[in-house]
Amino acid sequence: MSKRWGGVAFGVAVVALFIVERLRPLRVRKEPGPARVGRNLAIGLLAGATTAVSEWPVVAPVQALAERRRLGLIRRLGLPPGLRLVLGFLLLDYTLYLWHRLNHHVPFLWRFHAVHHLDLDLDSTTGLRFHFGELGLAALFRAAQVLLLGVDRDTLRLWQQMLVVSVVFHHSNLELPIDLERRLVRFLVTPRMHGIHHSTRPRDTDSNYSSLLSWWDSLHHSLRLNVPQASVTIGVPGFSKPESVTLEASLTLPFRRDPRLRLPASGTTVYGTV
Ligand SMILES: [Zn+2]
């Protein structure tokens, strides 16, 4: 499929998911009006622009350098193309799991990633709601992945396209039949699984860090599925009111000294100590 038709198919899938998650909701909404959707789209537009802009000076030159000098783990192994693709895909997804954990445990990174978790509801639009600073930092991380892992650009493109679809899907508020979701979650991140990660309970948030394949949480014993969705409150402790999550409050959060992001006693972030 060409890039253009791939984009059209993705747009149609997102709109379809946006409609279906309103017909079969998994969790009750706290902010049902259009303001929240508009806010998430605005934050998402800034994030998308940041990714597009950082691709050109950051990721693309590193990719070209790694290809020219034959740098990176996978290039050194001398594997056949099929195996290179599978191994590259798995390593990209596994290192993203590690990056997501770092985003919760390094105070500087959490300031940016918290903006994504600030949403009081979880649906397909949350999957677009990332602070532009987080995606700028993610571009640096992506460049490091390309350089150290030695993945080729086709593998990177395939994984990125599947990741975007997965991110919108697992943030959605779609109630899938439980038997289907139990089968899917054996290998993919699903809406119920990721909903637990967005809970205000630190024990829940410190779980389910995978973004596409769910295996990494199983591997590191961070998989948590036995939490009823009705008991999950979406958001970040201390930011439960709509006034705390406005567009301005969300975009400025990483640059403010906000005591709600810290534990009063230790001075470390809430999730950094779990
Ligand atoms: Zn997270």
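Order of listing sets the numbers, starting from 1, for every ligand and every atom in it. Hydrogens, waters and symmetry mates are skipped; everything else that's a heavy atom, side chains included, is used.
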- Item | Option from Trp99, Phe112, Tyr209, Tyr97 for which ring-ring contact (aromatic ring centres under 6.0 Å, His included) with His104 holds | Tyr209
- Asp204 and Arg224, any side-chain heavy atoms less than 4.5 Å apart: yes
- Query: Can you list the protein N, O or S atoms less than 2.8 Å from the Zn ion (ligand 1)?
  - Reply: His100 NE2, His104 NE2, His113 NE2, His117 NE2, His197 NE2
- For Ser166, side chain to side chain contact (heavy atoms under 4.5 Å, CB included) partners two or more places apart: His170, Leu212
- Message: Whether the Ser124 and Arg22 side chains hold a donor-acceptor pair (N or O, under 3.5 Å, no angle test) is what I'd like checked.
- Response: no
- Message: Considering only residues two or more places apart or on different chains, which pairs with a residue in residues 46-71 satisfy salt bridge (Lys or Arg N to Asp or Glu O under 4.0 Å)?
- Response: Glu67-Arg153
Review item, side-chain donor-acceptor pairs of residues 177-184, under 3.5 Å, at least two apart:
residue, atom, partner, partner atom, Å
Glu181, OE1, Arg192, NH1, 2.7
Glu181, OE2, Thr190, OG1, 2.8
Glu181, OE2, Arg192, N, 2.8

